[in-house]
*Asks:* 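Structure below; questions to follow.
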Amino acid sequence: MNSRKLQSNSVQFDYFSENFMRFEQDYYAYSTMDTPLTFITDDILLAMSEAQINYFRLPASKAKDNKNHYFIFKVKMQENNKQVRTYEYVRHASAY
């Protein structure tokens, strides 16, 4: 088993929460990317996990308003399994 697969099993979004639905709404409100969010969530999670950061940046070149957009998450450890981290969406911020 490769480390990328192992890593993907230890991080996740809180997919069925209101927070994740807000993340989807915010993402689609600003993104011009043709790829649906569903197809890139694993890549987003792995990038945040490997870089040990709690945000995802949508670059200005991929945004409707040509601004950088940051989607900020709170990282929570699962109580029953400390090996699994859940990324809970907190808010959106933008900058030039």
Side-chain angles (χ1 to χ4, degrees):
M1 175 181 276
N2 68 33
S3 63
R4 192 164 171 90
K5 179 70 173 166
L6 179 63
Q7 186 76 3
S8 71
N9 292 332
S10 64
V11 295
Q12 60 191 20
F13 284 120
D14 57 339
Y15 289 104
F16 302 106
S17 70
E18 281 186 39
N19 294 331
F20 189 76
M21 287 184 241
R22 266 191 308 114
F23 170 52
E24 286 182 311
Q25 290 171 345
D26 288 351
Y27 174 82
Y28 287 121
Y30 299 105
S31 177
T32 61
M33 292 177 55
D34 292 333
T35 306
L37 182 60
T38 303
F39 295 132
I40 61 171
T41 53
D42 285 348
D43 293 331
I44 293 170
L45 280 169
L46 289 170
M48 288 192 298
S49 177
E50 288 174 358
Q52 297 183 351
I53 56 175
N54 68 330
Y55 63 90
F56 160 66
R57 181 178 66 91
L58 178 69
S61 63
K62 307 254 185 223
K64 292 176 182 175
D65 59 2
N66 294 316
K67 293 181 182 178
N68 288 310
H69 291 272
Y70 297 87
F71 301 93
I72 303 161
F73 297 84
K74 177 171 49 172
V75 182
K76 298 172 79 176
M77 304 302 279
Q78 285 193 356
E79 288 184 27
N80 60 344
N81 186 350
K82 299 295 183 191
Q83 300 289 325
V84 178
R85 291 173 287 168
T86 303
Y87 286 76
E88 181 180 292
Y89 183 61
V90 176
R91 67 184 183 91
H92 161 266
S94 62
Y96 282 99

*Asks:* Can you list the residues that meet the side-chain hydrogen bond (donor to acceptor under 3.5 Å, both in side chains) rule with S17, with sequence neighbours excluded?
*Replies:*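 Testing S17 for side-chain hydrogen bond (donor to acceptor under 3.5 Å, both in side chains), a comparison that skips the adjacent residues, returns D14.
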*Asks:* Got a sec, which residues hit ring pair (Phe, Tyr, Trp, His ring centres under 6.0 Å) with Y55, two or more places apart in sequence or on another chain?
*Replies:*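 If we apply the ring pair (Phe, Tyr, Trp, His ring centres under 6.0 Å) test to Y55, skipping adjacent residues, the hits are Y70.
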*Asks:* Let me check something: do F71 and V90 share a hydrophobic cluster, defined by ILVMFWY side-chain heavy atoms less than 4.5 Å apart, either directly or through other members?
*Replies:*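 Not linked; separate clusters.
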*Asks:* List for me each residue that meets side-chain hydrogen bond (donor to acceptor under 3.5 Å, both in side chains) alongside N66, sequence neighbours excluded, and say none if there are none.
*Replies:*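 Partners of N66 under the side-chain hydrogen bond (donor to acceptor under 3.5 Å, both in side chains) test: none.
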*Asks:* What is the distance from atom OG1 of T86 to atom CG of N19, rounded to the nearest 0.5 Å?
*Replies:*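 Between T86 OG1 and N19 CG, I get 11.5 Å after rounding to 0.5 Å.
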*Asks:* Is any side-chain heavy atom of Q12 less than 4.5 Å from a side-chain heavy atom of Y87?
*Replies:*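 The answer is no; the side chains never approach within 4.5 Å.
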*Asks:* Run the numbers on N54 and I72 for side chain to side chain contact (heavy atoms under 4.5 Å, CB included), then give the verdict.
*Replies:* CA-CA 6 Å; N54 68 330; I72 303 161; 4.0 Å; yes
*Asks:* Tell me whether K64 at atom NZ has more than 12 heavy atoms from other residues, nucleotides or ligands lying less than 6.0 Å away.
*Replies:*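 Enclosed: over 12 neighbouring heavy atoms sit under 6.0 Å from NZ of K64.
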*Asks:* Are F73 and F56 close enough that their ring centres sit under 6.0 Å apart?
*Replies:*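 F73 vs F56: aromatic centres not under 6.0 Å.
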*Asks:* Can you sort out the partners of H69 under side-chain hydrogen bond (donor to acceptor under 3.5 Å, both in side chains), two or more places apart, ordered by chain and number?
*Replies:*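 With sequence neighbours excluded, H69 shows a side-chain hydrogen bond (donor to acceptor under 3.5 Å, both in side chains) to D65, H92, given in chain and number order.
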*Asks:* Taking side-chain contact (heavy atoms from CB on, under 4.5 Å) as the definition, give me every residue that meets it alongside F16, ordered by chain and number, with sequence neighbours left out.
*Replies:*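 Not a single residue meets the side-chain contact (heavy atoms from CB on, under 4.5 Å) criterion with F16.
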*Asks:* Measure the spacing between CE of M48 and CG of D43 and express it to the nearest 0.5 Å.
*Replies:*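 Between M48 CE and D43 CG, I get 11.0 Å after rounding to 0.5 Å.
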*Asks:* Run the salt bridge (Lys or Arg N to Asp or Glu O under 4.0 Å) test against K74 and tell me which residues pass, sequence neighbours left out.
*Replies:*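 With neighbours one apart ignored, the set is E88.
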*Asks:* Apply side-chain contact (heavy atoms from CB on, under 4.5 Å) to M21 and list each qualifying residue two or more places apart in sequence or on a separate chain.
*Replies:*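 Only E24 meet the side-chain contact (heavy atoms from CB on, under 4.5 Å) criterion with M21.
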*Asks:* Keeping the roles fixed (side chain from K67, backbone from P59), state whether a donor-acceptor pair exists under 3.5 Å.
*Replies:*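 Side chain of K67 to backbone of P59, a donor-acceptor pair under 3.5 Å: no, none is there.
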*Asks:* What do the steps show when you test K76 against R85 for side chain to side chain contact (heavy atoms under 4.5 Å, CB included), and what is the final call?
*Replies:* CA-CA 6 Å; K76 298 172 79 176; R85 291 173 287 168; over 6 Å; no
*Asks:* Using the rule that two of Ile, Leu, Val, Met, Phe, Trp, Tyr join whenever any of their side-chain heavy atoms come within less than 4.5 Å, decide whether I44 and V75 are in one cluster.
*Replies:*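 Same hydrophobic cluster.
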*Asks:* Decide yes or no for N68 and S94: does some side-chain heavy atom of the first lie under 4.5 Å from some side-chain heavy atom of the second?
*Replies:*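 N68 vs S94: side chains apart.
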*Asks:* Would you check if Y15 and T41 make a side-chain contact, meaning some heavy-atom pair closer than 4.5 Å?
*Replies:*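 The answer is yes, as the side chains (C-beta and beyond) meet within the 4.5 Å cut-off.
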*Asks:* Counting only pairs under 3.5 Å, give me each side-chain donor-acceptor contact of residues 29-40, with atom names and distances, residues two or more places apart or in other chains.
*Replies:*
unit_1 : atom_1 : unit_2 : atom_2 : d
S31    : OG     : Y27    : OH     : 3.4
S31    : OG     : M33    : N      : 3.0
T32    : OG1    : K62    : O      : 3.0

*Asks:* Got a sec, which residues hit side-chain hydrogen bond (donor to acceptor under 3.5 Å, both in side chains) with Y89, two or more places apart in sequence or on another chain?
*Replies:*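 For Y89, the residues satisfying side-chain hydrogen bond (donor to acceptor under 3.5 Å, both in side chains) (neighbours in sequence not counted) are D26.
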